[in-house]
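So the structure is just underneath, and the comments pick up after that.
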Amino acid sequence: MSEKVYPVPASWKKTAYVDDAGYKKMYAESIKDPAKFWGKHAKRLDWFKVPKKVKNTTYAYPKVSIKWYEDGVLNVSYNCIDRHLKKRGDQVAIIWEGDDPYYDKKITYNELYEHVCRFANVLKKNGVKKGDCVTIYLPMIPEAAYAMLACARIGAVHSIVFGGFSPDSLASRINDANSKLIITADEGMRGGRKVPLKANCDDALKRCAGNEKVVVVRRTGGAVTMIPGRDLWYHDEAASVPADCKPEKMKAEDPLFILYTSGSTGKPKGVLHTTGGYLVYASMTHQYVFDYHDGDIYWCTADVGWVTGHSYIVYGPLANGATTLMFEGVPNYPTNSRFWEVIDKHKVNIFYTAPTAIRALMGAGEGAVAKTSRKSLRLLGSVGEPINPEAWEWYHRVVGDERCPIVDTWWQTETGGILITPLPGATKLKPGSATRPFFGIQPALVDDKGVILEGDTSGNLVILDSWPGQMRTVFGDHDRFVQTYFSTYKGMYFTGDGCRRDKDGYYWITGRVDDVINVSGHRLGTAEVESALVAHPKVSEAAVVGYPHDIKGQGIYCYVTLMAGEEGDDELRKDLVAHVRKEIGPLATPDKIQFAPGLPKTRSGKIMRRILRKIAEDDFAALGDTSTLADPSVVDDLIEKRQNKR
Ligand code: WT7
């Protein structure tokens, strides 16, 4: 662990919202009387009815219930658009940078209003009602933000499915959410390549109820099949509806969106976020963590298919009246300088990206960065996985010219917004540490029995009390919500992460302690990859683990047992890789496949993943106790094969 400490730069002390003393004071207030604190900060939003009941939450197992601002009434799209029009109607709300560097667009708040109202009217015209779920399967184009805000405007619940998911994954999400309307595009563009979104959607809908409608946004103009009565062009529909749409009055606890995420078991679960608390938390963290001031140009490189895109491209920034940049492309197209060129082109002040991108660009050398200016940059951010100190130092020195603080922000789809993070004007930085809790967040470390550990120590990361941005339930399965997050350590929210706390009270997230892996910042359950593998006719059993990968953070290592009589060769490896990509999507592409005649199991038949992880890491000395295995010789065989790279 790096011992280096970076103080708050002098220039920040003058302009930042909070300094260290300010942080400590506000944090203490937020813990002493959460209802008072969050009642006060709810005023950052415009309410149709200001809430009087602020906090009504309990983590008591099994009666977990989370409600914030329950008597408040508001509309998210009104807060992200309408309320800004008087002061900043002509200010740019969204800068859109296309995959092709010669292709960009600027959308003002006035224009955003019109686009969102039209989109909302298109949804209404096609039968979408308050409370209905709309599935969005779009590339990173402004219409993705319009579609989200249009749903929010009419009280529909959106479920965005990342464009890198397969037709199968899309179908299961459409079915689980019972969506009757899907919004997609003809094709996406990423790194100069086309992504066949409409074709994927057609394929997915073969596995759905059959009464869905599809609204198709034209992006590339590529050929697509349009089924009359089912498929509609967005531009045709939008031309025939009014450019005004009244925002629906929503209760604070009405659902805003569902976002599917992977867990350690079963199918991905629909994380449900609601209206009032989510928006208070997303906008407040966006303001304080990024120290966002009027006029700043802010860029988060995530995709709106992930929670980072929801909270920190769309909802948080727009609620704050910010200018948010939305990027369609990838970091290395057309060259490895793309990020830095976009920063210069649009004079970006705040830049928020993922460690996997930093590591990949680090590998491309300093020259690609050095040829750009980056003078506009003031702050850098990191999210999605632990950032190794080497990548942190490179980001700080090469990208930020040693001038820009880095906010390493820890959070999850479930948390709605950032929970552990530096505040740039307040927090001394240590490379690799997400540092301290945001206001209202009470992290703790517990041992495997759930006993809270004090001081300089390591343990399982839990949160002791609720905050407004917390997920409320798993869509359609409240019991799964309670079991997944509140049953391991009773009375606490369990994050699934391991963590160390140092003598200064700084938190260092060490990664998942469950069967969730983080591949290039994308979250996957090993169980999902396993069920994709066993769906192949030649596979009888599979066990999947993560292993350290220089660029991706973690790679996907698959142990595969074949049906009797089948031969494991490179041909079959390729076939299995293609099979997993087809079942889940390209983001789940296996990195290594090891054929294994036997897997290490306990006498009761449970696969011992701990051992498989160590073998995948080439850490054969640390296998631990193997005596409880039904057949310990299996391990020797696995190691031998691993060493022979067979
Ligand atoms: C998991 C959540 C946070 C939004 C995007 C990912 C890991 C996230 C950090 C960080 C170390 C991090 C954790 C967490 N993670 N940020 N700054 N340092 N680990 O959301 O897909 O729900 O994944 O990502 O393991 O549990 P997600």
Side-chain angles (χ1 to χ4, degrees), residues 1 160-162 164-165 257-264 268-273 281-282 285-286 289 300-316 352-359 380-389 391-392 395 406-422 427 429-438 441 443 460-463 469-471 474 484-485 493-501 506-526 528 546 552-554 587-588:
M1 299 277 177
I160 308 191
V161 179
F162 174 60
F165 279 113
F257 66 85
I258 299 170
L259 184 56
Y260 286 85
T261 194
S262 300
S264 43
K269 45 187 175 280
V271 167
L272 184 103
H273 283 286
Y281 199 76
T285 46
H286 173 262
V289 174
C300 164
T301 69
D303 190 287
V304 291
W306 308 110
V307 74
T308 311
H310 286 60
S311 302
Y312 299 115
I313 295 177
V314 178
Y315 291 123
Y352 188 33
T353 195
T356 184
I358 299 165
R359 287 191 298 264
L380 301 171
S382 171
V383 61
E385 45 172 326
I387 179 163
N388 46 311
W392 195 103
Y395 196 26
I406 298 176
V407 287
D408 173 2
T409 63
W410 174 85
W411 57 297
Q412 310 178 296
T413 305
E414 293 87 339
T415 69
I418 295 163
L419 298 200
I420 302 183
T421 178
T427 315
L429 306 174
K430 299 187 191 184
S433 172
T435 76
R436 305 186 291 195
F438 190 74
I441 305 305
N460 302 303
L461 180 64
V462 297
I463 312 290
Q470 182 168 30
M471 74 182 283
V474 169
T484 306
Y485 303 104
Y493 167 77
F494 179 39
T495 64
D497 278 314
C499 184
R500 181 171 81 88
R501 186 176 47 219
Y506 276 36
Y507 290 85
W508 302 70
I509 312 296
T510 49
R512 302 288 303 200
V513 294
D514 54 8
D515 292 316
V516 169
I517 53 178
N518 195 322
V519 184
S520 300
H522 298 161
R523 176 166 158 183
L524 276 175
T526 53
E528 283 172 81
K552 298 179 178 183
Q554 280 187 299
L587 77 175

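Counting starts at 1 for both ligands and their atoms, in listed order. Remember, it's a predicted structure, so these values are computed and weren't measured experimentally. Keep in mind that the numbers below use all heavy atoms, side chains included, and drop hydrogens, waters and symmetry copies.
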I'd like to know whether Y260 forms a ring pair (Phe, Tyr, Trp, His ring centres under 6.0 Å) with F165, so could you lay out the CA-CA distance, the side-chain angles of the two residues, the decisive distance to 0.1 Å, and finally the verdict. CA-CA 11 Å; Y260 286 85; F165 279 113; 9.6 Å; no

I'd like to check the ring pair (Phe, Tyr, Trp, His ring centres under 6.0 Å) partners of F494; sequence neighbours left out, ordered by chain and number.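 So F494 forms a ring pair (Phe, Tyr, Trp, His ring centres under 6.0 Å) with Y489.
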
Cationic N near anionic O, under 4.0 Å, E385 to K552: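 Salt bridge absent between E385 and K552.
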
I'd like to check the side chain to side chain donor-acceptor pair (under 3.5 Å) partners of S262; sequence neighbours left out, ordered by chain and number.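 With sequence neighbours excluded, S262 shows a side chain to side chain donor-acceptor pair (under 3.5 Å) to E528, given in chain and number order.
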
Residues in contact with ligand 1, criterion: heavy atom under 4.0 Å: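 Shell around ligand 1 (4.0 Å, heavy atoms): V307, T308, V383, G384, E385, P386, D408, T409, W410, W411, Q412, T413, D497, I509, R512, N518, R523.
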
Without swapping roles, check the side chain of H310 against the backbone of F257 for a donor-acceptor pair under 3.5 Å.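 No; zero donor-acceptor contacts below 3.5 Å.
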
Can you list everything that forms a salt bridge (charged side-chain N to carboxylate O under 4.0 Å, His left out) with D514? Sequence neighbours excluded, please.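 Result, salt bridge (charged side-chain N to carboxylate O under 4.0 Å, His left out) vs D514: R512.
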
